[in-house]
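Okay, structure first, notes after.
This chain uses plain numbering: 1 for the first residue, then up along the sequence.
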Amino acid sequence: MSIADIKKNAEQKMLKSIEAFKNELAKIRTGRAHPGILDQVHVDYYGSPVPISQVANVTLLDARTISVQPWEKGMGQKIEKAIRESDLGLNPSSQGDLIRVPMPPLTEERRKELTKVVKHAGEDAKVAVRNLRRDANEHAKRLLKDKDITEDEDRRSQDDIQKLTDKTIAEIDKLVQSKEAEVLAV
């Protein structure tokens, strides 16, 4: 493995960390409805837990209401129960085959709680990026120890990896700030 491979590998993994962080942020709800909020809710489907999106059509009715249309007749009560028992604080209501999930407005206390959750998720993402930096530097040190690269190349690779890490952490900070603003502004 060359230094270029180490840098490329670290960069790809850092980009994946940012994507994972973006997905995590999407799950943190603001006052608006978002079909992705129900992605982590699983419903019992013939003995195995599956995501709601695999047993029903999840769409938006309006800015504050999600509709869930089960594909099978008997799934309505199970889906409604799974949503109610999830830790999302949602209260679905059935209207025939359609399940309406209204998004309750956020209180000021809940908004502050959500900003703490956002900051914590941001810190977790930063730790993951720093671990990737450490792994990349260890690979470079191993190459230096095996005398595959010079000390100058090792130092240069560490500088490049640090720049990449700084850039990635700045991107995470920017995402945290925008999500906090979104949570507090609603």
Side-chain angles (χ1 to χ4, degrees), residues 9-132 134-135 168 171-172 175-176 178-186:
N9 191 20
E11 185 174 14
Q12 288 173 343
K13 287 181 178 179
M14 286 182 189
L15 288 174
K16 286 181 185 173
S17 291
I18 288 178
E19 287 305 311
F21 179 58
K22 285 180 182 176
N23 289 338
E24 194 66 32
L25 286 182
K27 293 176 188 171
I28 297 173
R29 71 179 184 89
T30 57
R32 290 189 300 258
H34 183 276
I37 291 170
L38 298 178
D39 285 350
Q40 70 237 27
V41 178
H42 287 68
V43 64
D44 182 53
Y45 186 68
Y46 297 109
S48 52
V50 296
I52 286 180
S53 60
Q54 291 184 7
V55 295
N57 190 20
V58 180
T59 57
L60 289 180
L61 285 178
D62 57 49
R64 290 191 153 317
T65 311
I66 299 172
S67 77
V68 181
Q69 180 81 42
W71 292 326
E72 292 182 25
K73 289 264 187 230
M75 291 302 294
Q77 290 83 15
K78 290 181 180 180
I79 291 172
E80 194 175 344
K81 182 179 176 205
I83 294 171
R84 193 169 279 117
E85 290 176 353
S86 72
D87 60 350
L88 297 173
L90 301 174
N91 190 19
S93 62
S94 289
Q95 293 179 331
D97 289 342
L98 183 72
I99 300 169
R100 295 172 59 96
V101 185
M103 301 302 287
L106 293 176
T107 63
E108 191 62 32
E109 183 180 323
R110 181 68 177 140
R111 290 173 202 268
K112 288 179 180 168
E113 233 176 81
L114 285 176
T115 59
K116 289 178 187 173
V117 170
V118 169
K119 285 179 182 175
H120 183 70
E123 282 305 312
D124 289 347
K126 289 180 192 178
V127 167
V129 168
R130 290 182 188 120
N131 288 339
L132 292 170
R134 184 197 62 222
D135 293 345
T168 306
E171 175 74 20
I172 290 170
L175 290 168
V176 167
S178 70
K179 188 65 174 187
E180 282 179 342
E182 182 182 331
V183 167
L184 293 173
V186 174

Apply side chain to side chain contact (heavy atoms under 4.5 Å, CB included) to Ile66 and Leu60, showing your working. CA-CA 4 Å; Ile66 299 172; Leu60 289 180; 3.9 Å; yes
- Item | Trace of the side chain to side chain contact (heavy atoms under 4.5 Å, CB included) decision for Lys126 with Arg130 | CA-CA 6 Å; Lys126 289 180 192 178; Arg130 290 182 188 120; 3.8 Å; yes
Could you walk me through whether Ile18 and Met14 pass side chain to side chain contact (heavy atoms under 4.5 Å, CB included), step by step?
CA-CA 6 Å; Ile18 288 178; Met14 286 182 189; 5.9 Å; no
Practice task
Let me see the working for Val55 and Glu72 under side chain to side chain contact (heavy atoms under 4.5 Å, CB included), right down to the final yes or no.
Solution key: CA-CA 8 Å; Val55 295; Glu72 292 182 25; over 6 Å; no
Quiz item: Should Glu19 and Lys22 be marked as a salt bridge (Lys or Arg N to Asp or Glu O under 4.0 Å) after you check the CA-CA gap, both sets of side-chain angles, and the distance that decides it?
Solution: CA-CA 5 Å; Glu19 287 305 311; Lys22 285 180 182 176; 3.8 Å; yes
| query | Which is it for Glu113 and Lys116 under the salt bridge (Lys or Arg N to Asp or Glu O under 4.0 Å) test, yes or no, and what are the steps along the way? | reply | CA-CA 5 Å; Glu113 233 176 81; Lys116 289 178 187 173; over 6 Å; no
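Residues Val58 and Ser53 come closest through the heavy atom pair CG2-CA, 4.4 Å. Smallest separation of non-hydrogen atoms from Val43 and Ile79: CG2-N, 3.8 Å. Shortest non-hydrogen contact noted between Leu184 and Arg111 is O-NH1, 3.9 Å. The shortest heavy-atom contact between Pro92 and Ile99 is CB-CG2, 3.7 Å. In terms of heavy atoms, Gly76 sits closest to Pro70 at CA-CG, 3.9 Å. Scanning all heavy atoms of the two residues, the minimum distance from His42 to Ala82 falls at O-CB, 3.5 Å.
Here Asp135 contributes atom CG and Asn9 contributes atom CG; the two are 9.5 Å apart, rounded to the nearest 0.5 Å. For the atom pair CD1 (Ile52) and NZ (Lys78), the distance works out to 13.0 Å, reported to the nearest 0.5 Å. From Glu171, atom CD reaches atom OG1 of Thr168 across 8.0 Å, with rounding to the nearest 0.5 Å. Note: Leu132 CG to Gln12 CD = 11.5 Å, rounded to the nearest 0.5 Å. Interatomic distance, CZ of Phe21 versus NZ of Lys179, reported as 9.5 Å (0.5 Å rounding). Here the CG atom belonging to Leu114 is positioned 10.5 Å from the CD atom belonging to Glu180, to the nearest 0.5 angstrom.
For Asn57, the side chain to side chain donor-acceptor pair (under 3.5 Å) test picks out no residue, with sequence neighbours left out.
More than 12 non-hydrogen atoms from other residues, nucleotides or ligands lie less than 6.0 angstrom from CD of Gln54. Counted within 6.0 Å of NZ on Lys13, heavy atoms from surrounding residues, nucleotides or ligands total 12 or fewer; the atom is thus considered open.
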